[in-house]
Structure formats: C-alpha cells, structure tokens
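Because only heavy atoms are used, hydrogens play no part in the values below, and waters and symmetry mates are left out as well, while side chains stay in. All ligand and atom numbering here is 1-based and tracks the order in the structure.
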Amino acid sequence: MTESRKKVDVVLKDFILSDDVLLKVSALLLQEFNNGLSAQNHKTATVKMFPTFVRDVPDGSEQGKFLALDLGGTNFRVLCIDLDGDQFNMINEIYEIPQSIMLGSGEQLFDHIAECLGHCLEQLGLTHRTLPLGFTFSFPCLQKGLTSAILVNWTKGFNCCGVQGKDVVQLLREAVKRRGNVDIDCVAIVNDTTGTLMSCAHKNKDCRVGLIVGTGTNACYMERLENVETWTGDNNPPKQVIINTEWGAFGDNGCLNFLRTEYDYQVDEISLNKGKHLFEKMISGMYMGEVARRIFVKLANDGVLFKGKLSEKFNTAYGFKTKYISNIESDPRQKNTETRTVLEKMGISDASDEDCEIMKLVCARVSTRAAHLVSAAVATILNKIKRNHTTVGVDGSVYRYHPHFRDLMEKKIEELTDPNYKFELMLSEDGSGRGAALVAAVAVRTVK
Ligand code: GLC
C-alpha cells in the first residue's frame, strides 16, 4: 500500500460502521421512537413521530380526478391525476423554486405556489373546476387532522419567514384567494414518506413503511393506535395510523455524537438549520456531496490528493454535488471515465490515476455509511412492527440514482433485522404525486 493510501485510510476510518455500532444506533433510535410516541415524553422528544391522520392503505377502489401539489424535493410540481382502480394517468408540470423564494417570506412562497397552480390549471383548461387536492408538503408538521398541518421547522435549505408555527393549508388557501382566478378544495396534506407508502401500498398490499432517501431522509410506517399515546383522533377501526417519524432529527440531542466525524460537524456548522436534523446531514442528498468535498479538501491540504492543488469549485461550499458521488461510483474498477468527467466539471484536468482511485474510495465510504445508517433505521422499524413480511416503499434521488445504494441497504437491513421479519424494498412510482392523490381519494371516499 502506498503512503498516500495509508493516510487516506486514516482519514476515512471513522466512516466505517461495524454491525455493533449499527445495532447501537438502532437501539438508540428505538428509544427515540418510543419517546416520540409517549404522552409524557413527546414534548421534549427529538424524533417527533407525528400521527398523520392517514388510517388506511388504499383498497384499489379509489377513483376520480385529483390535483396534487408537491413541495419539498428538488422542484415544485403541480400534478393532475386520474385514478381508476389499478390504472392511473398523470400530467406533471415542474416549476423551479428560486433561492430568493426559498429564503424569502412565507407570503412570497405561497403566492408563487398559487401562481404555478393557476398557470397549470390554465394550461389544462381546468380553471372552472374545483377538483379535490392533495398537498404533499415534505417538512416536519404537527397535524391536527387530515387538512391541518402546522410547520414545526424548515429543513433542506428552505427558510421562509412567517411560516413556522402556522397552518400551511391555511396559508395555501389564503394565497389562492389573494390570486383569485381559481378555487381549491384541499382535502389532505401529506408528507412525501406517506405519499410513498400509499402509492406502493396501492400495488402491494404488504406495504407498511414509506422511506425517502433524497434531498432529505425520513420514513413513516403504520402503527397500532394502542402504541400512539399522543393520538387525538377517534378510536374506531382500523385501529392504526401512519406515523411520520421525522427521523432526520435523530441525534439532535447529542446521542449520535459518538459517531459524528469532524466533517459532519463542519457541514452542520454552515447549514441553515444548525444543530438540527443531524441524522439527515450524514445521509441525504443535500449534504452527502458536501461531506465528501470536505474530505477532498482535507486530503489535498495534506498533500495526498491532486498534489495539494485544488480548484475554486473544490474550495466552494456545496461545490461538489451528491450526484457526482453516484457518477464516480459508477466507474468500474481500474476505469476512471466518469471520475474524470466529474473532475473536469470540478475544474481539475491533471489528476493522476491514484487521485481517481482515492476519490472513488472517499465516495464509497461516504455513501456506504449513509446506506448503513438508513438500514439501521429501517431495521428499527421492522423489528418494532414485528410483521412476518413487510414491503418498504422507497423513493428519493440518492436511492434511485446511486449505483449500489439499494444493494447495500438490502444486505445490511437483513443483517440487522430479526430473521423472522422478512422484507422487500419496492421502488415507488412517484409517491409524492400519486400518493397525495390516493390520500385525497381515500379522504373523499370516507366523507361520502
Ligand atoms: C426532511 C423533512 C421530511 C421529509 C424528508 C424527505 O427530513 O423534514 O419531512 O420527509 O426531508 O424529503
């Protein structure tokens, strides 16, 4: 082994998590889950375990035309969905949310959403109709019912003032009213994890968990009401409710500090929500590239990478995108085509083969740690719900586009879960859109 490789291994050592460590992570998360569900402890709990008021999975009879809004991923989308049993048809308009709006006022944000909605309905010739609407709003919300959600705090680079502590459905209705040219009938607000669970459950009756590994990370699952001491709704059958865990906040009380590296501390330090969502910051697409970039900077400064010379992009916060990790790890052994393409984009043209190999190793260590942490968290849910077979619906850019994420997860979840509880991972087909429509459809059906 070369001297450089030895130094790299020292820097990357703490990114390798043994099964013992992962089992400890899982035990800690179970404690946090139980705190979040407990009447006594939930106020101070870091993992909030919000009841979603979604009580059942679709039964296949859902029908009709629905609108869905999707805010909280890379883009904002307006969707029009036709459901008819197993069939569905979907029109999808994508709109950008400029940074100025992500960091502006709540009024600007909701005016922008109302404008995009109006524009989409005009395009579809639907301005005269008031279709039931499902709003996928993928941030931590305390729900008071299916159509009321109070934003607890922003995550993932959003920070619009005047929204925290307010009901976002109300803010949406007010913005639509201000604009005046269309009417809406918001019948459900859902988190993207719930949407993912619902859209997978529509096809697969065993689906009880929804997981996102994208810009952020989070999961939801179906819990028995008797375990939800914070439940304020009725106790009629089905005696269950989907719980939005908001596990991104796991570790915010310091319980994961034993495994956070100096790079994790740095990434948190420059983030908009410092000290918050620390688990998410070790895993999700918003941060993984930045963790890797900080390791590259360290290795270059130590003279181990790029002969100690860095480009401006490498020296810029968030200059190295998470999708580059997927690109680099797609290179087969001994081949550096993708890695060199990424390096070109990063402004480095004279990297050696050893530089490329080191980059691949850094990417693999960072993404494998992320996959293993998510796996420990999924295993916690599977071991908690104790079902013989559970389908886990999954979505998100990291899971979808990383070449090995799924395989890593499958293997590690199996190692960390009681062998009596079998599982399968199912890629969701647009949970945020279709799932919101399905929740809306179930809501409409129940009211009827
Ligand atoms: C963040 C949000 C959460 C969402 C997740 C995935 O963690 O707080 O609500 O589900 O990102 O998008």
Query - Under 4.0 Å to a heavy atom of N218 - the qualifying atoms of ligand 1, by number - result: 3 (C), 4 (C), 5 (C), 9 (O), 10 (O)
Query raised in the report: Parallel, tilted or perpendicular: which describes the rings of Y399 and F405, with under 30° parallel and over 60° perpendicular?
Result: perpendicular
Requested in this report: Just do the side-chain hydrogen bond (donor to acceptor under 3.5 Å, both in side chains) check on E280 and T217 with the steps written out, would you?
Outcome: CA-CA 6 Å; E280 174 158 288; T217 182; over 6 Å; no
Query raised in the report: For ligand 1, which atoms sit closer than 4.0 Å to a heavy atom of P140?
Result: 8 (O), 9 (O)
Query raised in the report: Which atoms from ligand 1 have a heavy atom of H277 less than 4.0 Å away?
Result: 7 (O), 8 (O)
Report task. Using a strict 4.0 Å cut-off to heavy atoms of T155, name the atoms of ligand 1 that fall inside it. Result -> 1 (C), 2 (C), 8 (O)
Query - Six-ring centre of F258, K24 cation under 6.0 angstrom, axis tolerance 45° - result: yes
Requested in this report: For K239, look at atom NZ and say whether over 12 heavy atoms of other residues, nucleotides or ligands are found less than 6.0 Å away.
Outcome: yes
Query - R260 to Y265 six-membered ring, cation-pi geometry met (6.0 Å, 45°) - result: yes
Query raised in the report: What do you reckon, does N191 put a non-hydrogen atom under 4.0 Å from ligand 1?
Result: yes
Report task. Specify the protein heavy atom at minimum distance from atom 1 (C) of ligand 1: its residue, its atom name, and the distance to 0.1 Å. Result -> E280 OE1, 3.2 Å
Query - Criterion side-chain contact (heavy atoms from CB on, under 4.5 Å) on K281 and S271, from CA distance to verdict - result: CA-CA 9 Å; K281 286 172 186 163; S271 67; 2.9 Å; yes
Report summary line: In this structure, atom 9 (O) of ligand 1 is nearest to the protein heavy atom E246 OE2, 2.5 Å
Requested in this report: Write out the residue and atom name of the closest protein heavy atom to atom 10 (O) of ligand 1, then the distance separating them to 0.1 Å.
Outcome: D192 OD1, 2.6 Å
Query raised in the report: Among all protein non-hydrogen atoms, which one is nearest to atom 11 (O) of ligand 1, and what is the separation to 0.1 Å?
Result: K156 NZ, 3.1 Å
Query - V169 side chain near F137 side chain, heavy-atom distance below 4.5 Å - result: no
Report task. Pick one of side chain, backbone, both or neither for how N244 approaches ligand 1, counting any non-hydrogen atom pair under 4.0 Å. Result -> neither
Report task. Measure the distances from the heavy atoms of G248 to every atom of ligand 1 and state whether one is below 4.0 angstrom. Result -> no
Report task. Indicate yes or no: at least one non-hydrogen side-chain atom of I113 is less than 4.5 angstrom from one of L172. Result -> yes
**Report entry** Per-atom contacts, ligand 1 versus T217 - under 4.0 Å to a heavy atom
**Finding:** 7 (O)
